[in-house]
Amino acid sequence: MEYLREYAHLRPRTNVTGAVMRVRNTLSQAIHRFFHEHGYLWVSTPIITTSDCEGAGEMFRVSTLDLMNVPKTEQGNVDFSQDFFGKEAFLTVSGQLNVESYACSLSKVYTFGPTFRAENSNTSRHLSEFWMVEPEVAFADLDDVAHLAEDMLKYVFKAVLEERPDDMAFFEQRINKDVVERLTRMVDSDFVHMDYTDAIEILKNCGKKFEYPVEWGVDLQSEHERYLAEEHVGAPVILKNYPRDIKAFYMRQNKDGKTVAAMDVLAPGIGEIIGGSAREERLDVLDQRIAEMDLPAEEYEFYRDLRRYGTVPHAGFGLGFERLVSYVTGMQNIRDVIPFPRAPKSAQF
RNA sequence: UCCCCAGUAGCUCAGUUGGUUAGAGCGGUGGACUGUUAAUCCAUGUGUCGUUGGUUCGAAUCCAACCUGGGGAGCCA
């Protein structure tokens, strides 16, 4: 597979890539169909953004300035007022902040489009350019979107099993023998929902030695997530209500003052496939968080206005589309489930 | 970005106590033979041994840095 990535004329003609791309197509069609049938509107959020504070890591710069001859201000900084948009611009790392605006007017919306992260992530589950599905629901809480995630996953798994049995049989035979069985099992069984606090207890009492010790308040390491999803549950598990200190500023504070209404869906073999939360709709609480985390408040004005002028409780999540394709097909490397993978030091064709 | 492993012929790989002209299989090419069907037989290999530099009388082999890929970790989806 690594070798094939170097040959753009060959890779798409192989049986593996053909099967992956057919399943990928089925999954994306099924996602749109699921949301459409449930009354969601597809909102295409911008790919170019001038907000450098979307909160999810390094961004790619978008500019038409001449790199050999960059205009400078009197202070010697780069003069972005002469750039194409008259200010700094980047490729988006998430449509969430934008789509929240539309959730608060159209109630049930989702984005499905490319996102870009300039992180130096060299792993089999990260891409620099990947597609993300982000539903956002007004008047929903964390449990609502946890169940939405579960329903959506079951719907698209069922669609793949029904529409692509030939390709799934191929993956079962050649890539991963469990791939059909685990999807079939999941379609008609309830997901395990678990509080972070309970997960910590399970990890502490499981008798297994971890390289990183477990304690309430720590971020779960890969080895912990893997134990929960692969050994303890043996299926995707939904973890909820994480400590506030390890999560993003926009997640809704719980009453206990310690945790935040966040959830992750952990899939065996892949890890985090979905990350979501209830959004903090109370302006004073949000401002307090922005201050605590030392974020530039002036960058979040439109986001604050969304609370200031008639606020609405809402929640949503982000699904890494390629991670979903990886899980469904059993393909181990995420670079093999996208037509033209982009990763650090790698952007051929 | 960190740790580990790998990079030798078109492909898959062998080759280290450092030693003369660096190997095999497959493929390719030329020929022979043939009721073949993964044909067979004979012939045929001057390859920046990933890159750059260093150690040495001598480096594919030892050292350093870098590049690319794989596995793991971090970041996250």
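Protein chains get the first letters and strands the later ones, always in sequence-line order, with residue 1 at the start of each.
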Do the charged groups of [X] and [Y] touch, with an N to O distance under 4.0 Å?
X	Y	value
A/Asp287	A/Arg308	no
A/Glu162	A/Lys158	yes
A/Arg244	A/Glu280	no

Euclidean distance for [atom1], [N] against [M] (whole angstrom):
N	M	atom1	value
B/C63	B/U56	P	16 Å
B/U1	B/G18	C1'	35 Å
B/C49	B/A6	C1'	14 Å
B/G69	B/A24	P	32 Å
B/G30	B/U48	P	23 Å
B/U61	B/G19	P	11 Å
B/G28	B/G10	P	15 Å
B/G47	B/G23	P	13 Å

If you assign each of A/Arg226 and A/Trp131 to its closest nucleotide in RNA chain B, which residue comes earlier from the 5' end? A/Arg226

Please compare A/Leu220 and A/Ile274 by the position of their nearest nucleotide in RNA chain B and report the one closer to 5'. A/Leu220

Now, which nucleotide makes the Watson-Crick or G-U wobble pair with [N], with each of the two distances under 3.5 Å?
N	value
B/G23	B/C13
B/U44	B/G28
B/U52	B/A64
B/G69	B/C5

[N] OP1/OP2 closer than 4.0 Å to side-chain N/O of [X]:
X	N	result
A/Ser346	B/G69	yes
A/Arg125	B/A73	yes
A/Arg335	B/G70	yes
A/Ser94	B/C76	no
A/Arg5	B/G70	yes
A/Gln221	B/G74	yes

In short, side chain to side chain donor-acceptor pair (under 3.5 Å) pairs touching residues 124-153 of chain A with sequence neighbours left out are A/Ser94-A/Glu134, A/Thr111-A/Glu134, A/Thr123-A/His126, A/His126-A/Arg323, A/Glu136-A/Arg279, A/Asp143-A/Lys240, A/Glu150-A/Lys154, A/Glu150-A/His193

I need a per-nucleotide contact map over nucleotides 1-7 of chain B, read 5' to 3'. Cutoff is protein heavy atoms under 4.0 Å; write B for the base, S for backbone only, - otherwise. B------

Sort and list the pairs that fulfil salt bridge (Lys or Arg N to Asp or Glu O under 4.0 Å) and have at least one residue in residues 201-223 of chain A, not counting sequence neighbours. A/Lys208-A/Glu231

Which part of the nucleic acid, if any, lies within reach of A/Glu322 when heavy atoms closer than 4.0 Å are counted: base, sugar-phosphate only, or nothing? nothing

Heavy-atom count around A/Arg174 CZ within 6.0 Å, excluding the residue itself: above 12? no

So for atom CZ, which belongs to A/Phe302, do other residues, nucleotides or ligands contribute more than 12 heavy atoms lying within a distance under 6.0 Å? yes

When rounded to whole Å, the CD to P distance for the pair A/Gln96 and B/A77 reads 9 Å

Any sub-3.5 Å donor-acceptor pair from A/Arg182's side-chain atoms to A/Tyr327's backbone N or O? yes

